[in-house]
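Since the structure comes first, as structure tokens, the remarks are kept for the end.
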Amino acid sequence: MNATPAQEPLDPRDRPARLAVGVVGAGRVGPALAASLALAGHRPVAVSGVSDASRRRAAALLPDVPLLTPAEVLERAELVLLTVPDDALPGLVEGLVETGAVRAGQLLVHTSGRFGARVLDPATRAGALPLALHPVMTFTGTAVDVQRLAGCSFGVTAPEELRLAAEALVIEMGGEPEWILEEARPLYHAALALGANHLVTLVAQSMELLRTAGVSAPDRMLGPLLGAALDNALRSGDAALTGPVARGDAGTVAAHVEELRRHAPGAVAGYLAMARTTADRALAHGMLKPELAEDLLGVLAEGDLR
């Protein structure tokens with residue numbers, strides 16, 4: 001029996017487009033999500049952007065897709081991505097509804113981590129279908145973002161009757177949906193900001209201090225260390241704590257604070273806050289001995305007073 005030759009996978013461009021996709025806010029997120037949806041067979045039809053940078057992003061990730069006003073984007077699209085800063089989202093939704101831009105049956109998707117579906121209530125009352133799909137990823141505004149969506153978690157919040165539709169869109173973008181209750185969105189977003197945003201600040205400060213100490217390639221020095229620390233933390237949580245605070249080396253911590261005051265006074269407050277939090281967690285998990293913690297906490301308190 002002759003084996004049936006394997007079929008070549010269909011190019012997404014050979015499949016009929018299922019939804020016309022529009023983007024309001026061509027920041028780093030919107031064009032990447034629209035490009036990902038295009039790979040799944042949907043059809044980007046319009047994008048809005050104000051700054052030169054946003055227009056360049058749209059041109060790079062969504063070539064040949066026209067740049068239009070937000071109202072014109074909604075007029076052309078069946079699925080609209082509202083990818084604007086969190087604080088601008090409520091006003092944008094209200095403005096689109098007041099101008100009559102929102103249509104009944106239109107899928108309206110925002111990507112804010114802070115808000116759930118209720119921020120879209122004005123549009124829902126106008127007949128739109130509200131979805132909150134927050135990609136748990138940092139974006140560069142380049143084509144690499146589309147690749148990074150593969151396996152990326154999305155915080156999903158929507159009315160129960162739209163849950164399957166919301167999760168299906170995430171899966172089409174290569175992501176993994178994670179259901180987040182409406183009332184849990186602010187805490188969920190705070191947790192992500194605490195981990196990702198503050199990590200960038202900590203790493204940037206560490207590199208600056210290493211340069212001051214004479215290290216020529218701080219990125220190469222930190223890469224293996226931070227990679228291992230992150231892997232250990234994700235695997236073991238607080239059991240991965242190490243370093244002078246977790247050991248109760250009060251003298252070393254005092255020396256750190258003194259050097260930071262001399263070379264980087266702006267880093268002292270952050271160091272003290274993180275050291276205190278680390279000490280609390282190490283104590284709670286039995287890693288830091290109480291008799292050592294007393295001297296350590298004394299050093300940290302003295303650092304605050306100074």
Side-chain angles (χ1 to χ4, degrees), residues 17-38 40 42-135 137 139-142 145-146 149 154-159 162 165-166 169-170 172-173 185 189:
R18 287 169 289 167
L19 288 172
V21 178
V23 179
V24 176
R28 297 182 179 184
V29 178
L33 296 188
S36 183
L37 287 168
H42 299 287
R43 182 169 55 95
V45 294
V47 59
S48 72
V50 177
S51 69
D52 290 340
S54 65
R55 290 171 177 265
R56 287 194 297 271
R57 277 190 292 267
L61 290 173
L62 302 172
D64 303 323
V65 175
L67 279 160
L68 303 173
T69 67
E72 290 171 326
V73 171
L74 267 72
E75 182 180 357
R76 295 189 178 201
E78 299 161 303
L79 167 62
V80 181
L81 302 174
L82 303 179
T83 51
V84 298
D86 290 0
D87 288 351
L89 182 59
L92 172 65
V93 174
E94 291 175 1
L96 292 172
V97 171
E98 289 173 0
T99 58
V102 177
R103 301 196 312 274
Q106 196 167 42
L107 282 165
L108 218 55
V109 177
H110 80 71
T111 58
S112 165
R114 169 187 168 193
F115 293 109
R118 287 192 196 127
V119 71
L120 300 174
D121 277 355
T124 303
R125 289 191 289 271
L129 306 176
L131 308 176
L133 308 180
H134 174 245
M137 180 53 62
F139 286 80
T140 65
T142 66
D145 296 333
V146 180
L149 288 174
F154 278 68
V156 176
T157 305
L162 296 176
L169 283 173
V170 169
E172 286 188 321
M173 287 186 280
R185 292 289 289 208
H189 195 229

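Side chains are part of it too, since the values below use all heavy atoms of this structure and drop only hydrogens, waters and symmetry mates. Since we're looking at a predicted model, the values are computed, not measured. Positions are given from 1, in the same order as the sequence printed here.
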Practice problem: List the atom of Val23, the atom of Leu62, and the distance in Å for their closest heavy-atom pair. | Solution: CG2-CD1, 4.4 Å
Self-check item: Closest approach of Ala158 to Pro130 (non-hydrogen atoms, all atoms of both residues)
Solution: CB-O, 3.9 Å
Practice problem: For Gly49 and Leu67, work out which heavy atoms get closest and say how close. | Solution: N-CD2, 4.0 Å
Self-check item: Check: Pro135 and Val29 side chains under 4.5 Å, non-hydrogen atoms
Solution: yes
Exercise. Could you list the residues that satisfy side-chain hydrogen bond (donor to acceptor under 3.5 Å, both in side chains) with Ser36, not counting sequence neighbours?
Key: none
Quiz item: Is there a side chain to side chain contact (heavy atoms under 4.5 Å, CB included) between Leu81 and Val21 once you walk through the steps?
Solution: CA-CA 8 Å; Leu81 302 174; Val21 178; 4.2 Å; yes
Practice problem: Not counting sequence neighbours, list each pair that qualifies as a side-chain hydrogen bond (donor to acceptor under 3.5 Å, both in side chains) and has a residue in residues 70-85. | Solution: Thr69-Glu72
Self-check item: Arg28, CZ atom: more than 12 neighbouring heavy atoms under 6.0 Å
Solution: no
Exercise. Let me see the working for His42 and Leu79 under side chain to side chain contact (heavy atoms under 4.5 Å, CB included), right down to the final yes or no.
Key: CA-CA 9 Å; His42 299 287; Leu79 167 62; 5.6 Å; no
Quiz item: Among all residues two or more places apart in sequence or in another chain, which pass the side chain to side chain contact (heavy atoms under 4.5 Å, CB included) test with Ala132?
Solution: His110, Thr157, Arg185
Exercise. Look at the side chain of Ser48 and the backbone N and O of Leu68, then say whether any donor-acceptor pair between them is shorter than 3.5 Å.
Key: no
Practice problem: Would you check if Leu133 and Leu33 make a side-chain contact, meaning some heavy-atom pair closer than 4.5 Å? | Solution: no
Quiz item: Going from CG on Leu107 to CG on Leu131, what distance comes out if it is rounded to the nearest 0.5 angstrom?
Solution: 5.5 Å
Quiz prompt | Any residue meeting salt bridge (charged side-chain N to carboxylate O under 4.0 Å, His left out) with Asp87, in chain and number order, not counting sequence neighbours | solution = Arg114
Self-check item: Evaluation steps, side chain to side chain contact (heavy atoms under 4.5 Å, CB included), between Leu37 and Leu19
Solution: CA-CA 9 Å; Leu37 287 168; Leu19 288 172; over 6 Å; no
Self-check item: Separation between NE2 of His134 and CZ of Phe115, rounded to the nearest 0.5 Å
Solution: 12.0 Å
Output a table of donor-acceptor pairs, distance under 3.5 Å, between side-chain atoms of residues 88-102 and any protein atom two or more places apart or on a different chain; print 'none' if there are none.
| from | atom 1 | to | atom 2 | distance (Å) |
| --- | --- | --- | --- | --- |
| Thr99 | OG1 | Gly95 | O | 3.1 |
| Thr99 | OG1 | Leu96 | O | 3.1 |

Quiz prompt | Non-neighbouring partners of Ala53 that pass side chain to side chain contact (heavy atoms under 4.5 Å, CB included), sequence neighbours left out | solution = Ser51, Arg56, Arg57
Quiz item: Closest heavy-atom contact between Ala34 and Pro44?
Solution: O-CG, 3.7 Å
Exercise. Heavy atoms only: give me the nearest Ala35-Leu61 pair and the separation to one decimal.
Key: CB-O, 3.8 Å
Quiz item: Do the non-hydrogen side-chain atoms of Leu149 and Phe154 ever get within less than 4.5 Å of each other?
Solution: yes
Quiz item: So, the side chain of Asp86 versus the backbone of Ser112: is there a donor-acceptor pair under 3.5 Å, distance only?
Solution: no
Practice problem: Might you work through the side chain to side chain contact (heavy atoms under 4.5 Å, CB included) test for Gln106 and Val80, ending with a clear yes or no? | Solution: CA-CA 8 Å; Gln106 196 167 42; Val80 181; 3.8 Å; yes
